[in-house]
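Atoms within a ligand are numbered from 1 in the order they appear, just like the ligands themselves.
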Amino acid sequence: MDCLFCKIAAGEIPSKKVYEDEQVYAFYDIDPQAPVHVLLIPKAHITSAADITPENSAVVAHIFEVAARLAKELGLDDGFRIVSNCGDIAGQTVKHLHFHLMGGRPFTWPAG
Ligand code: AMP
Ligand code: ZN
């Protein structure tokens with residue numbers, strides 16, 4: 001499959017790795033929108049949050065456990081934001097499920 005994040009998870013395209021285990025890969029966003037901006041992805045391809053099912057949802061819980069750990073390790077003690085854009089209308093540019101973990105600055109709400 002011609003998927004950028006599948007290739008990054010497989011090490012076929014270089015990235016700045018933050019964390020990796022059997023199910024999850026985390027790496028720095030190439031165009032950071034905050035002082036800390038990490039992407040967390042399942043290694044197995046899921047297209048978007050709209051494609052989470054009872055069969056594949058366990059990895060999502062795992063991603064959130066990893067995100068909480070990384071937030072501590074990266075010093076985001078004041079808080080952070082986790083975002084997943086789903087579909088073109090929400091600005092999803094890479095069609096492989098990913099969670100943006102961002103911190104190190106204040107955020108406004110609602111997000112644009
Ligand atoms: P989204 O727009 O929510 O689909 O998020 C995709 C994110 O992937 C954007 O924040 C991009 O900056 C980021 N991105 C695109 N290509 C790469 C890459 N090769 N390495 C790291 N991050 C990337
Ligand atoms: Zn993929």
Students should be able to answer this: which protein heavy-atom is nearest to [atom], and at what distance?
atom	value
atom 2 (O) of ligand 1	T93 OG1, 2.8 Å
atom 19 (N) of ligand 1	I8 CD1, 3.7 Å
atom 16 (N) of ligand 1	L4 CD2, 3.5 Å
atom 22 (N) of ligand 1	I30 N, 3.1 Å
atom 1 (P) of ligand 1	H98 NE2, 3.1 Å
atom 12 (O) of ligand 1	D29 OD1, 2.5 Å

Element-labelled atoms of ligand 1 that are located less than 4.0 Å from some non-hydrogen atom of [X]:
X	answer
F5	8 (O)
Q92	4 (O)
V94	4 (O), 6 (C)
H100	1 (P), 3 (O), 5 (O), 7 (C), 10 (O)
D31	12 (O)

Relative to each other, are the rings of H100 and H37 parallel, tilted or perpendicular (30° and 60° limits)? tilted

Please state which part of [X] comes within less than 4.0 Å of ligand 1, counting heavy atoms only: side chain, backbone, both or neither.
X	value
F99	neither
Q33	neither
Y28	backbone

Tell me the angle that ND1 of H45 and SG of C6 form around the Zn ion (ligand 2), rounded to 10°. 110°

K7/D2 salt bridge by N-O under 4.0 Å criterion: yes

Hey, which N, O or S atom on H96 ends up closest to the Zn ion (ligand 2)? ND1

Do side-chain atoms of K17 reach the backbone of P14 as a donor and acceptor pair under 3.5 angstrom?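 Flag not set: sc K17 to bb P14 has no pair under 3.5 Å.
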
Given 3.5 Å as the limit, does a donor-acceptor pair link the side chain of R81 with the main chain of T108, or not?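 Such a contact is found between R81 side chain and T108 backbone.
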
K43 vs D21, salt bridge (Lys or Arg N to Asp or Glu O under 4.0 Å): CA-CA, chis, key distance, verdict: CA-CA 9 Å; K43 286 188 169 178; D21 64 29; over 6 Å; no

Within 45° cone of Y28 ring axis and under 6.0 Å: K16 NZ or CZ: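 Because its charged atom sits under 6.0 Å from the ring centre and within 45° of the axis, K16 does stack over Y28.
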
Between the side chains of H98 and N85, is a donor N or O closer than 3.5 angstrom to an acceptor N or O? no

